[in-house]
2 protein chains.
Amino acid sequence: MKNDESLLSQLIQAFKVLPGIGEKSAQRMAFYFLEKNREGGMNLAKLISTSVEKIRNCSNCRNLTEDTVCEICGDERRDKKIICVVESPSDVIAIEKSGSFKGKYFVLMGRLSPIDGVTPQDLGIPKLVENINSSEVQEVIIATSPTIEGDATSFYIKDQLTENNILISRIAYGVPMGGELEYVDNTTLGRAIQGRREIN
Amino acid sequence: MKNDESLLSQLIQAFKVLPGIGEKSAQRMAFYFLEKNREGGMNLAKLISTSVEKIRNCSNCRNLTEDTVCEICGDERRDKKIICVVESPSDVIAIEKSGSFKGKYFVLMGRLSPIDGVTPQDLGIPKLVENINSSEVQEVIIATSPTIEGDATSFYIKDQLTENNILISRIAYGVPMGGELEYVDNTTLGRAIQGRREIN
């Protein structure tokens, strides 16, 4: 970034690093704060810098937290016997909102990708295995994304855990609730048929 | 904003004040800075706070600037005899990019709106009239938006200037270049027909 650029254009450039934000949106954001909500701008600036300084990975599950151990890991009421492995903190938020899981999490912060040089170490998989070996975990639910890399990550984790006597499951992928079959893409439909279950 | 909320959820809320940014996008922005680009986050935070502190309205044309008088007002090579009146700093950027105007600007920072309590004083119209009276301006181009409020603002400004012996024009509104007539909305098409010009 050149320093002889005006402050305003530097500000617009700084917004443009955000994913999906182009020139026009970045302009709109900069002008919004300068014309309509200077207080909101200052508040955002303060929160970004405080968050960048204070938010780190939970020493246990790698989720983002401002404490050493995150709120979920520290919550005694949650079921320690079941761990859900997800790719990112936003997956934890999504599952928490669904209200359908009361166990603990492990956040990989990515997925295996030899091309991008993402190794099992980068995803903390040795730490995950260690966590499981040193505790009373009985089931591991793998909730990685239904992509080639997410599948590979899932297989790798399963491989690492086969020596332990625990149940390893993967969440169901298929037709979303309320979805019309004709609008569902082929891969999803294939997966839904492959993953069919007997009606009891 | 409650202070017992986690830093992360406060950060997500702070992004949500931006126009058009909902919960999901705000989450994505917060996680982007925390997971992928902490340096970019710090840079944005610094630029927002510096900009909010330093960027004010130009004392002459009301455009946003970090100096007392903005770059365009201070540029001796630009034509002082013609002033283009726009609603916002982003309009100045758009016109500058078109490369079709080499005069000066006056930025209203809004448009007349009795319902929202926006008065001529709020838009600096007395200052605009004073600027014009105390200088060698020969033409005023009004480039307010083609909305009811933009039209009202345009009429009001014209009214204030009729005593001066200057040309007052308004930019042309009509079918956009490259646009197919059948996809142009009725109001625009009406305006294009109303504003028809003789072919020379």
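Because the structure is a prediction, the values reported are computed rather than measured. Chain letters run A, B, ... following the sequence lines, proteins first and then strands; every chain starts at 1.
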message: Test of understanding: clusters of I, L, V, M, F, W, Y form through side-chain heavy atoms closer than 4.5 Å, transitively. Do B:Val85 and B:Ile141 belong to the same one?
response: no

query: More than 12 foreign heavy atoms under 6.0 Å from CD of A:Glu136: is that the case here?
result: yes

Between A:Val52, A:Asp67, A:Ile93, the one whose heavy-atom pairs under 4.5 Å with chain B are most numerous: A:Val52

- request: Measure the shortest side-chain to side-chain distance between B:Val17 and A:Tyr32 over non-hydrogen atoms and say whether it is less than 4.5 angstrom.
  value: yes

message: Quick check on the hydrophobic clustering: are A:Ile95 and A:Ile72 connected, directly or via other members, by side-chain heavy-atom contacts under 4.5 Å?
response: yes

statement: The reported gap from CG in A:Leu47 to CD1 in B:Ile12 (rounded to nearest 0.5 angstrom) is 11.0 Å

message: Using side-chain heavy atoms (C-beta onward) and a distance below 4.5 Å, is A:Leu64 in contact with B:Glu35?
response: yes

Within 6.0 angstrom of A:Asn186 CG, more than 12 heavy atoms from elsewhere: no

- request: Could you look at B:Met109 and say if it's the side chain, the backbone, both or neither that has a heavy atom under 4.5 Å from chain A?
  value: side chain

Reported CZ-to-CG distance for the pair A:Arg28 and B:Leu18, which is rounded to 0.5 angstrom: 9.0 Å

message: At a heavy-atom distance under 4.5 Å, which candidate from A:Pro19, A:Gly41, A:Gly20, A:Gly40 has the highest pair count against chain B?
response: A:Pro19

message: Taking A:Met29 as the starting point, is it possible to reach A:Leu11 by hopping between hydrophobic residues whose side chains are less than 4.5 Å apart?
response: yes

query: Is there a chain of hydrophobic side chains (I, L, V, M, F, W, Y, each step under 4.5 Å between heavy atoms) that links A:Ile21 to A:Leu8?
result: yes

query: In Å, rounded to the nearest 0.5 Å, how long is the span from CD of A:Glu23 to NZ of B:Lys97?
result: 4.5 Å

statement: Taken to the nearest 0.5 Å, the spacing of B:Lys46 NZ from A:Ser49 OG works out to 11.5 Å

- prompt: Which value, rounded to the nearest 0.5 Å, describes the distance between A:Gln13 atom CD and B:Leu44 atom CG?
  reply: 12.0 Å

message: Does B:Gln121 have more than 12 heavy atoms from other residues, nucleotides or ligands lying within 6.0 Å of its CD?
response: yes

ILVMFWY cluster, A:Ile171 and A:Phe106 together (side-chain gap under 4.5 Å): no

message: For the OG atom of A:Ser51 and the CE atom of B:Met42, what is their distance to the nearest 0.5 Å?
response: 9.5 Å

message: Less than 4.5 Å apart, side chain to side chain, heavy atoms only: is that true for B:Ile55 and A:Leu7?
response: yes

